[in-house]
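Inspection log for the structure reproduced underneath, given as structure tokens.
Position 1 is the first residue of the sequence, and the numbers go up from there. Because the structure is predicted, anything quoted here is derived from the model rather than measured.
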Amino acid sequence: MGDYPWRVQLLYATCLCLALLLFFLPLPTGWVVIGCVLTLLVSGYKGWRTLRYTKQIRHVSPYLDALEQQLETLPERLRRRLPVILVTGNATAGYFAEQQNQHVVVTGKSIWIAVPDVSELSLTADALSGRWPEMAGRIGVLFTLMPEHFDSQASLTGYLQTFRQSWADASKTCGYTLPGYLAVNAKLGEQTNVPQWFWWNEQGSGIRLLDDCQTSLMSWSHQGDEKQRCQRQHLTVVLETLQQWLDKHVLQVLSDTQQPVPQWIPGAVACLNVNHSGVSDNCWRSYLRDITTLSLPVTLASAQTMSLPERLVEQMPVYCPMSGKKRAICHALIFSALFAAIAMAASAYNNSRLLQNISGDLQAYHRIPMNSYDDKLDSLNVLKVDRALLDKYYRQGEPARLGVGLYIGSRLIAPLDIAIKSYQPPPPPPPPPPPVEEAPKVVRLDSMSLFDTGKSALKTGSTKVLVDALINIKAKPGWLILVSGHTDITGDPQRNQLLSLARAESVRDWMIETSDIDKTCFAIQGYGATQPIADNTTAEGRAANRRVEISLVPEASACQSVQQQQTLQQN
């Protein structure tokens, strides 16, 4: 982690994902809920992993506390310039045996930190870069190896793969490929008075002494007296054999491209001739025995001080990685750019769908003929809903899913208004026909059943006939009850006319007396023999012509009350 603000970055990324799901992405509600739950679960799991990793880093705090005590005694200029070497491997303890804290050694050219457990390499590198960000870019790895501690090639290969994975994790944590070096501590032959470091690199410069002059192994083997030359030549052969064994059984495992882990190719390989205890039948001795067919004598382990190969790391490359805070800012900018791009794409899609939906409603409205009143009205209601939605967006602001400067709904308001105003409602239904007035009934009464011959007074038995007539004739405002009398041609015409008038008056008077009909509702008329309805030459025709007719005649002022008559006169 280093000084990288993982928690803040995780919270920021989670908020951006939730904002996309809730406000921008055109997803159904169910999928939005599922996406939010998954986002929170992933964020929670990542936060839990981060918290657990933080607790693991506390295990390396003793190393950092010891380092901090050592750094306080150094000038600030050296603290910012010295490379930091993480020493790990199965020979680590031998380099820090004389140190009181057994964790940190500060020399004039570098700072050495012991990491005996290769699995803690990533944690230590992360803790270093987190507590001292200025050390980032100046951290390297020295992998120490004692071949005599492995009884088989399989156990050695497993240990090498574990280191390779730890180194890859540490490089990923620091943000750059950590430079690495290999230090091999092996029994090569008889001990000289001054132990020498021998080294070589992948450029093929040959084996050299790790001294000021970097003397070649061939030149060194010809120096000294005869006994020394013999010992050195024997050591030269063993060193070359060790180089072959390391290339085949160590470096090939660390740089195998078939593995999913990045290759670890050391910048240089150093070898120190030491006499220490180990497994009797170890993989290094087995290799020598297979080559020479001889069993090497077992020598007793001796207490020997192993010095750190300072000259080996003098040319270690220094990187200038970006600090954790700057990387966090860059990542936040990248997240923001992705969020903006996705939000704009989603907004463009949502606006396109809005345009398609409303345009489709407009086209459907225009396709319906105006005389299809029901379908046209349904389509008009859809347009009114669209118009109300756009008006809401105009007054209250468009939602976030249509925003980000891509909202185009305002362009659709004018076409909707034009379409809504163009609607023509159906014509009003025709007025109902006026009620058909029932044709006035004409009631004909036989004069012979009402009057005696030549008389105008009603007979005694005529009441029943008059009552039936009164039932059929009903007084109505605006209708005049006309009672008209008729005679045949027998007798004097003038006398007949007066007789018919008198008979009509008698019927009228009886109807007024018998009913509650006002006098103003009646009119009488005597026609004599002027309006026959049958032939007067026969007895039957003359009998039919002798009659009294009661009928309704329309007249506005007829059968009105006094107040109604006054209003009618004023109008």
If I compare all heavy atoms of [X] with all of [Y], which pair ends up nearest, and what's the gap?
| X | Y | result |
| --- | --- | --- |
| S110 | V313 | OG-CG2, 4.4 Å |
| W167 | L178 | NE1-O, 2.9 Å |
| V261 | Q165 | CG2-OE1, 3.0 Å |
| L217 | L239 | CD1-CD1, 3.8 Å |
| T14 | L10 | OG1-O, 2.7 Å |
| A91 | N185 | CB-ND2, 3.3 Å |

Identified side chain to side chain contact (heavy atoms under 4.5 Å, CB included) counterpart of L86 within the set L128, I111, L142, T92:
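Going through the options one by one, the only one that passes is L128.
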Please determine which of V250, L254, L312, L251 meets the side chain to side chain contact (heavy atoms under 4.5 Å, CB included) test together with P266.
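Exactly one option meets the side chain to side chain contact (heavy atoms under 4.5 Å, CB included) with P266, and it is L251.
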Taking salt bridge (Lys or Arg N to Asp or Glu O under 4.0 Å) as the cut-off, I'd like each qualifying pair that reaches into residues 247-270, sequence neighbours left out, listed once.
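Checked against salt bridge (Lys or Arg N to Asp or Glu O under 4.0 Å) - neighbours excluded - no pair reaches residues 247-270.
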How about [X] and [Y]: do any of their side-chain heavy atoms sit closer than 4.5 Å?
| X | Y | value |
| --- | --- | --- |
| L242 | W284 | yes |
| D391 | I413 | no |
| L40 | L18 | yes |
| P147 | W245 | yes |
| V141 | F163 | yes |
| L145 | F150 | yes |
| W199 | Y181 | no |
| C283 | H249 | no |

Could you tell me whether the side chain of [X] and the main chain of [Y] form a donor-acceptor pair under 3.5 Å?
| X | Y | result |
| --- | --- | --- |
| S359 | Q356 | no |
| T144 | T88 | yes |
| Y176 | G137 | yes |
| T157 | Q153 | yes |
| S255 | Q263 | no |
| N350 | R401 | yes |
| R164 | V253 | yes |

Kindly assign one of parallel, tilted or perpendicular to the pair W197 and Y95, based on the angle between their ring planes and the thresholds 30° and 60°.
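W197 and Y95: parallel rings.
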Please work out whether the ring planes of F335 and H331 are parallel, tilted or perpendicular, with thresholds of 30° and 60°.
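Judged by the thresholds at 30° and 60°, the geometry between F335 and H331 is tilted.
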Who pairs with F23 by ring-ring contact (aromatic ring centres under 6.0 Å, His included), at least two apart in sequence or on another chain?
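In terms of ring-ring contact (aromatic ring centres under 6.0 Å, His included), with neighbours along the sequence ignored, F23 is linked to no residue.
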Working for side-chain contact (heavy atoms from CB on, under 4.5 Å), residues Y407 and Y393
CA-CA 10 Å; Y407 178 65; Y393 292 164; 3.4 Å; yes
Report the C-alpha distance between F198 and L209 in whole Å, list the side-chain angles of each, state the deciding distance to 0.1 Å, and finish with yes or no for side-chain contact (heavy atoms from CB on, under 4.5 Å).
CA-CA 5 Å; F198 304 93; L209 268 69; 3.4 Å; yes
Drop me the distance from [X]'s [atom1] to [Y]'s [atom2], to the nearest 0.5 angstrom.
| X | Y | atom1 | atom2 | result |
| --- | --- | --- | --- | --- |
| F24 | F339 | CZ | CZ | 4.5 Å |
| I85 | R138 | CD1 | CZ | 10.5 Å |
| Q231 | E226 | CD | CD | 11.5 Å |
| E398 | L389 | CD | CG | 11.5 Å |
| L41 | K46 | CG | NZ | 15.5 Å |
| L402 | S352 | CG | OG | 11.5 Å |

Residues R7, L51; criterion side-chain contact (heavy atoms from CB on, under 4.5 Å); working and verdict:
CA-CA 9 Å; R7 296 178 182 177; L51 181 61; 3.9 Å; yes
Do other residues, nucleotides or ligands put more than 12 heavy atoms under 6.0 Å from [X] [atom1]?
| X | atom1 | result |
| --- | --- | --- |
| Q315 | CD | no |
| E314 | CD | yes |
| Y394 | OH | no |
| R229 | CZ | yes |

How far apart are the C-alpha atoms of V32 and L25, what are their side-chain angles, what is the distance that settles it, and do they pass the side-chain contact (heavy atoms from CB on, under 4.5 Å) test?
CA-CA 9 Å; V32 170; L25 294 181; over 6 Å; no
Ignoring hydrogens and geometry beyond distance, is a side-chain donor-acceptor pair present between N351 and S347 at under 3.5 Å?
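Yes, side-chain donor-acceptor contact under 3.5 Å.
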Any side-chain donor paired with an acceptor under 3.5 Å for Y12 and S336?
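Checked: Y12/S336 side chains pair up, N/O donor to acceptor below 3.5 Å.
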Write out all pairs satisfying ring-ring contact (aromatic ring centres under 6.0 Å, His included) with one or both partners inside residues 68-87, taking only residues at least two apart or from two chains.
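Pairs touching residues 68-87 that pass the test: none.
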